[in-house]
Amino acid sequence: MAKQNHFHLSPRLAAGKKIFFASDFHLGAPNAEKSLIREKKLIAWLDEIAEESAAIFLMGDVFDFWFEYKYVIPKGFIRFQGKLAELRDRGIPIILFTGNHDMWMFDYFPKELGIPVYRNPVSFILNDQKFLIGHGDGLGPGDRSYKFLKRIFKSPICQWAFARLHPNFGIGLAKFWSGKSRSKSENQEQLFKGEEERLWAYCKEVHQKDPHQYYIFGHRHLPLDLPVGKESRYINLGEWLSNFSYAEFDGKKLELKYYKG
């Protein structure tokens with residue numbers, strides 16, 4: 001977890017203010033041309049919500065691939081980064097979570113933009129409501145092969161070894177692998193799996209020990225709003241490849257919405 005938290009996230013919302021949650025933009029996919037169209041749509045959404053934003057949570061797989069070398073970051077996405085800088089300069093808190101496609105974020109966003117980066121689910125109290133917020137990869141039962149692979153990718157040795165690769169080769173190789181991984185799962189993303197939804201099962205398990213009103217995750221690429229307890233819900237944010245879905249909390253209710261701009 002990054003330590004550079006340059007703002008105080010108020011537990012109470014001011015009148016007319018809202019908190020926004022979005023995930024899985026996969027900027028960079030499937031190619032530069034289509035990604036740029038999506039990036040501009042994302043910026044238009046951020047412009048639209050800016051005035052009423054008390055905070056914005058960006059919850060992983062913001063980029064289809066990301067790796068921070070000591071002095072190099074992936075080329076592109078400058079419009080998006082500039083918009084984040086503008087929002088931060090306006091005093092709007094932005095909270096960023098890593099996903100399975102961009103887990104190799106380190107200190108660039110905290111240092112350059114004042115945006116803290118979280119790697120695991122975190123509890124927040126927002127308007128007296130308890131939220132558990134995270135990307136969602138590797139949570140819940142099963143998926144042992146990915147959980148094993150994630151431990152390898154998160155290891156300092158793996159990160160050190162990748163950093164030794166020249167960016168032209170390393171980033172190119174990683175983008176190819178990222179694309180193969182995404183396309184392999186795309187055919188199943190839109191199928192609701194009922195009781196076999198891993199993140200839903202994870203939320204139910206957490207709820208037995210530490211109840212929250214809301215469990216908000218991404219990763220799944222399918223917008224979902226499902227009960228966890230009598231007054232608790234699991235919200236999956238979907239993605240911005242086709243759904244352009246996000247969640248909005250006005251202090252009283254949380255809603256899944258779709259950006260049509």
Side-chain angles (χ1 to χ4, degrees), residues 1-3 5 7-13 17-25 53-62 93-103 105 109-110 115-143 146-147 150-151 154 192-239 243 245-257:
M1 183 186 304
K3 295 181 179 180
N5 192 339
F7 54 79
H8 173 65
L9 185 60
S10 174
R12 299 292 303 174
L13 287 180
K17 293 293 185 178
K18 299 175 181 178
I19 298 174
F20 295 89
F21 307 84
S23 182
D24 293 81
F25 307 138
S53 289
I56 301 170
F57 285 80
L58 304 178
M59 295 171 48
D61 286 359
V62 169
I94 299 173
I95 298 89
L96 182 64
F97 284 78
T98 60
N100 49 302
H101 281 255
D102 51 15
M103 67 172 66
M105 289 183 173
F109 282 86
I115 296 175
V117 174
Y118 295 94
R119 305 186 183 280
N120 298 298
V122 178
S123 291
F124 290 86
I125 303 296
L126 306 171
N127 244 42
D128 298 325
Q129 303 288 301
K130 192 173 183 181
F131 289 70
L132 183 64
I133 300 171
H135 180 65
D137 62 306
L139 302 179
D143 207 9
Y146 170 71
K147 291 176 182 177
K150 184 178 180 180
R151 284 199 296 271
K154 288 177 66 177
F192 176 59
K193 300 177 182 178
E195 295 296 327
E196 294 184 5
E197 288 284 342
R198 293 183 179 125
L199 277 171
W200 194 16
Y202 170 79
C203 295
K204 292 175 182 177
E205 181 181 349
V206 171
H207 196 72
Q208 296 300 315
K209 303 173 183 177
D210 185 13
H212 294 67
Q213 279 73 46
Y214 296 105
Y215 300 83
I216 306 182
F217 292 96
H219 183 58
R220 181 64 179 87
H221 283 209
L222 182 65
L224 295 170
D225 185 346
L226 300 169
V228 175
K230 187 176 180 181
E231 297 181 351
S232 300
R233 290 153 57 199
Y234 155 52
I235 305 294
N236 196 281
L237 297 169
E239 41 73 27
N243 285 312
S245 47
Y246 64 97
E248 175 184 295
F249 179 62
D250 66 1
K252 296 180 179 179
K253 64 180 184 298
L254 181 72
E255 292 183 279
L256 266 176
K257 295 193 170 184

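Side chains are part of it too, since the values below use all heavy atoms of this structure and drop only hydrogens, waters and symmetry mates. Computed from a prediction, not measured in an experiment: that's the story for all the values here. Nothing fancy with the numbering, it's 1 onward along the sequence.
- Taking the six-membered ring where the residue is Trp, Phe21 and Phe131 present parallel rings, their angle staying beneath 30° rather than reaching 60°.
- Separation of atoms CD1 (Ile235) and CG (Asp225) is listed at 3.5 Å; rounding is to 0.5 Å.
- Here the CD-CD distance, from Gln129 to Gln213, works out to 4.5 Å after rounding to the nearest 0.5 Å.
- Heavy-atom minimum distance, Ala55 versus Ile95: CB-CD1, 4.4 Å.
- Gly218 approaches Asn236 most closely through the heavy-atom pair O-ND2, 2.8 Å.
- A salt bridge links Asp210 to Lys130: at least one charged side-chain nitrogen sits closer than 4.0 Å to a carboxylate oxygen.
- In this structure, Leu226 and Arg233 have side chains that are not in contact, with every pair of non-hydrogen atoms separated by 4.5 Å or more.
- Taking CG from Leu13 and CG from Asn127, the interatomic distance works out to 4.0 Å, rounded to the nearest 0.5 Å.
- Ionic pairing of Lys17 and Asp250 is not present here: no N-O contact between side-chain nitrogen and carboxylate oxygen is shorter than 4.0 angstrom.
- Pro110 has its side chain out of reach of Ile115: every pair of non-hydrogen atoms, C-beta onward, lies at least 4.5 Å apart.
- Side-chain atoms of Val122 and Phe97, non-hydrogen and from C-beta on, do get closer than 4.5 Å to each other.
- Between Asp102 and Val62, the shortest heavy-atom distance links the atoms OD2-N, 2.8 Å.
- The minimum heavy-atom distance between Met103 and Arg119, with the atom names listed, is O-NH1, 2.9 Å.
- Side chains of Pro116 and Leu96 form no contact here, defined as non-hydrogen atoms less than 4.5 Å apart.
- Using cut-offs of 30° and 60° on the angle between ring planes, the pair Phe124 and Tyr118 is perpendicular.
- Glu195 is linked by a salt bridge (charged side-chain N to carboxylate O under 4.0 Å, His left out) to Lys204, counting only residues two or more places apart in sequence or in another chain.
- Within the 4.5 Å cutoff, no side-chain heavy atoms of His212 are placed close to those of Ser232.
- Across all non-hydrogen atoms, the minimal contact from Pro93 to Ala54 is CD-O, 3.1 Å.
- The existence of a salt bridge linking Glu197 and Arg220 is confirmed by a sub-4.0 Å separation between a basic side-chain nitrogen and an acidic carboxylate oxygen.
- Of the candidates Tyr214, Tyr234, Phe217, Phe217 is the only one forming a side-chain contact (heavy atoms from CB on, under 4.5 Å) with Leu132.
- Ala247 and Leu254 make their closest contact through CB-CD1, 4.1 Å (heavy atoms, listed as atom of the first residue, atom of the second, distance).
- Under the 4.5 Å side-chain criterion, counting only non-hydrogen atoms from C-beta, Leu237 is in contact with Ile216.
- There is a side-chain donor-acceptor pair under 3.5 Å between Tyr215 and His207.
- Partner of His135 under the side-chain contact (heavy atoms from CB on, under 4.5 Å) criterion, out of Asp24, Leu58, Thr98: Asp24 alone.
- Taken from CZ in Phe249 to CD1 in Ile19, the straight-line distance is 6.5 Å, to the nearest 0.5 Å.
- Asp61 places no side-chain N or O within donor-acceptor distance of the main-chain N or O of Phe25, the cut-off being under 3.5 Å.
- In this structure, Arg198 and Trp200 have side chains that are not in contact, with every pair of non-hydrogen atoms separated by 4.5 Å or more.
- Judged by distance alone, the side chains of His219 and Ser23 never bring a donor and an acceptor atom under 3.5 Å apart.
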